[in-house]
Each structure stands twice: as structure tokens, then as C-alpha cells.
Amino acid sequence: LTEQEKDVIGENGNVLAVGRSGTGKTTCAVLRLFSIEMLYKIRFSLYKKKYQETIKDVRCGSEDLDNAIGLHCIFLTASPVLTYEIQRYYKKLTENIKSEL
């Protein structure tokens with residue numbers, strides 16, 4: 001990722017990315033949605049475990065990433081091909097994170 005792409009992905013709040021085809025807008029959007037969702041799930045899992053157990057060393061496992069909890073993200077495009085590719089990419093990212101955990 002370029003520094004500009006990292007900035008777009010890590011920026012707080014709303015982001016508007018403008019550029020011509022092939023500049024990485026979709027990649028940034030998918031990575032941004034993915035990171036927001038994963039951080040939300042991890043934080044929710046840690047919060048939930050912290051207040052339900054008295055264990056000090058709480059970890060988030062791969063099973064926690066499958067839980068459907070209060071955050072929903074939508075990625076909208078008119079291209080069926082792009083829709084399929086984004087779904088495939090997102091699923092691959094999730095599986096890679098689970099295998100690492």
C-alpha cells in the first residue's frame with residue numbers, strides 16, 4: 001500500500017476517495033470496511049469477556065470473528081463482476097485472519 005492508501009484506510013470518520021480507474025479506491029474501501037469490522041468485533045469480544053469473567057488475560061480467538069454482532073457495513077457497486085471479486089477478497093481476508101488467530 002502507498003502512504004496515501006494507508007492514510008485513507010486509517011483515517012477517522014468519513015472519507016471521500018476520488019481518482020481514476022485502477023488507483024486503489026476499491027481496495028482502500030474494502031480494507032477500511034474490513035478493519036473497522038474486525039476491530040469492532042475484537043473490542044466487543046474483549047469487552048464482553050472482561051465483564052462476564054474475572055480473568056485478566058483475555059484474548060480474542062478466531063471463533064469470535066464469526067459472531068454476528070451490532071455492526072453492519074455495506075459496500076455498494078453497480079458491477080456484478082466487482083461485487084463477486086469484493087466478496088471473494090473479503091472472505092479471503094477473513095479466513096487469513098482466522099488462521100493467524
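- By the 4.0 Å N-to-carboxylate-O rule, K92 lies too far from E95 to be salt-bridged with it.
- Residues T26 and T77 are not in side-chain contact: their nearest non-hydrogen atoms beyond the backbone lie 4.5 Å or more apart.
- To the nearest 0.5 Å, atoms CD (Q87) and CG (L82) are separated by 10.0 Å.
- Side-chain contact between L31 and L93 is present, with heavy atoms from C-beta onward closer than 4.5 Å.
- Clustering ILVMFWY residues whenever any of their side-chain heavy atoms sit less than 4.5 angstrom apart, transitively, puts I86 in the very cluster that holds I97.
- Of all heavy-atom pairs between R20 and K25, the closest is O-NZ, 2.9 Å.
- Here OG1 of T23 is found 8.0 Å from CD of E5. Values are rounded to the nearest 0.5 Å.
- When every heavy atom of Y90 is checked against every heavy atom of L33, the shortest pair comes out as OH-O, 3.8 Å.
- Both Y89 and L1 belong to a common hydrophobic cluster when Ile, Leu, Val, Met, Phe, Trp and Tyr are linked at side-chain heavy-atom distances under 4.5 angstrom.
- Between R32 and E11, the shortest heavy-atom distance links the atoms NH1-O, 2.6 Å.
- When all heavy atoms of I9 and C28 are compared, the closest pair comes out as CG1-O, 3.8 Å.
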Can you check side-chain contact (heavy atoms from CB on, under 4.5 Å) on K98 and T94, steps first, answer last?
-> CA-CA 6 Å; K98 281 194 223 176; T94 303; 3.8 Å; yes
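- Contact of the Q4 side chain with the V8 side chain is not registered, since no non-hydrogen atoms from C-beta on lie closer than 4.5 Å.
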